[in-house]
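Encoded as structure tokens, the structure appears first; notes follow it.
Note on naming: letters A, B, ... go to the chains in the order of the sequence lines (proteins, then strands), and numbering restarts at 1 for each one.
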Amino acid sequence: MVRFLNLTLAGITDGMIFATIALALVMIFRATRVINFAQGAMMMLTTFVGWTVQDRTGSYWLALGCALAAGLVLGTLVERVFIRPVENGPELNAAVVALGLIVLINALASMIWGSTPRAYPVPFSLRGYSVGGVRLLLSPNDLFTIGMVAFTMTALVLLFRRTALGLRMRAGAYSPELARLLGVRVGATLTIGWALAGLIGALAGVLIAPVVFLGPDQFDTVLVYGFTAAIIGGLESPVGSVVGGLLLGCTLSYVSGYAGSEVTSLGACAVLLVALMARPSGLFGPATGRRV
Amino acid sequence: MLEIDDLTVDYGSVRALDHVTLRAPLGSITTVLGANGAGKTTLLRAVSGLARPASGSISFAGHRIDRRRVEDIAGLGIAHLPSGQGVIVELTVAENLRLGSLISPKPPAGRKEDLDQVYDMFPVLSQRRRDVAASLSGGERQLLAIGTALMSRPRLILLDEPSLGLAPRAVAHIMAVLRRIHEDSGRTVLLVEQNARSALSIADRVVVLNLGRVVIDEDASALAADPRSMQRLRHAYLGF
Ligand SMILES: Nc1ncnc2c1ncn2[C@@H]1O[C@H](COP(=O)(O)OP(=O)(O)OP(=O)(O)O)[C@@H](O)[C@H]1O
Ligand SMILES: [Mg+2]
């Protein structure tokens, strides 16, 4: 029973981490209808910025602030410089540009920071709480991670549902020409969408780095899980991202706990397949089918 | 109010509008008629900034607008309803309407009144306010598009074939709505139609385009009374 509880707790923390990546993807998808394959590379770069600040100043929070700021700037830059020129072309163009970006950012990061993985610190203790003499797989730092992701999700839901900016962003993404005819500065909403996704991605990177270490391709596996969580959630919904992340996180945790860690990726496949069979456009996706 | 002078628009080697000059005076309903490919849609797109003129000028309320951005032109109070797709189908009815009201920073109180007015005029939208626009019928979508435009408090409304694909009863409803909007608030309307009969029934002025040129520009009542003009109208449509 304790083992089950602990696997669940570990799954929740992991799932929240997958969810942050998914949230960044959802942000861009909702604002621009593009799936940002370069999300992982961008996260890696901003986390290195945080790592450098941490290395120089020793302050976790200053480093976090700088990583987040770098995320905003990087998101803006990527949209303005790389995505904007291909925006009106076929969707494949944006994917190709993203692949190019991955190569570019990876080369840049290897040049500046080398390719040996670096350790990234955590702000709070990793020692699990103990209840009645039983040590739980839930630490103050896990609570921090869960809290940050829950906060981000809530903020995104409110942004999309309640604010004028959110409505403009959705309008610009669904129907750019009509949105412009209604006075929406679609160019600006696209940039803001990418900037916010950069910000969320930066948060994801800083939350992940202590677990998987930081290096040009340390994020790859967890990135795949982030994409999986986003797809399970339907790519459209912040709540879907978190539910998708939690489903995936817990399943992976049970699979590796009860069946062995060699089969975890099979577990991921299974969740994805089952979820997509139940609802082809994702658990929280639009009711109308999307052609993929 | 809206002054178009010597406007030429090309799509590559295709000349869609050829030195078009026309006026839509303040508070009038002007209808633009013409056969397929005459350049009607292009005319509206040029006014709202979606099509760039090769030469000529467009002025609205005394400002040159032909080089300005689509969003800015909309901000001046020009609402353009493209044909058959004037609503964002993924958003709900209420969200479409709210989007219309966001165009200018107004106090929320004014917004609420506008919204009540629109729901009053189109009770069907009020019943369906939480549904996505994709679930509306063609006629209901057309009403939503008009309602959304009204939420932006436009001074000039450009409509591209609002009767497209609608049953006669719905067309009559739309025309009555346009007439009412015009009478209630004196908004200027530029109405592109294939359905000449219903457009003529509400228009003050008629412009007929043929192959990108203005071939008729007259008072609607004068046109209807003058057999020679009606002959020319038929000619522009049917080519004989
Ligand atoms: N995007 C485009 N690219 C190339 N040519 C175009 C484009 N849009 C319109 N045209 C051409 O410009 C001319 C005018 O087209 P426009 O759409 O303005 O006509 P219309 O009067 O609105 O016709 P309809 O009644 O069929 O809607 C036509 O010859 C058309 O083929
Ligand atoms: Mg047309």
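Using a 4.0 Å cut-off between charged nitrogen and carboxylate oxygen, A:Glu177 and B:Arg45 count as a salt-bridge pair.
Smallest separation of non-hydrogen atoms from A:Leu182 and B:Gly100: CD2-CA, 4.3 Å. Of all heavy-atom pairs between B:Arg98 and A:Arg161, the closest is NH2-O, 3.9 Å. Residues B:Ala74 and A:Gly183 approach most closely at CB-N, 3.7 Å, considering heavy atoms.
At a 4.5 Å heavy-atom cutoff, B:Val89 makes no contact with chain A through either its backbone or its side chain. The contact between B:Leu50 and chain A is made entirely by side chain atoms (from C-beta outward), counting heavy-atom distances below 4.5 Å.
The CD atom of B:Glu90 sits 8.5 Å away from atom CD of A:Glu236, with the distance rounded to the nearest 0.5 Å. With rounding to the nearest 0.5 angstrom, the NE2 atom of B:His80 is 13.0 Å from the CZ atom of A:Arg180.
Of all the listed residues (B:Val132, B:Asp72, B:Thr148, B:Ile73), the one sharing the greatest number of non-hydrogen pairs under 4.5 Å with chain A is B:Asp72.
Counting only heavy atoms from C-beta outward, the side chains of B:Leu91 and A:Leu167 approach each other to under 4.5 Å.
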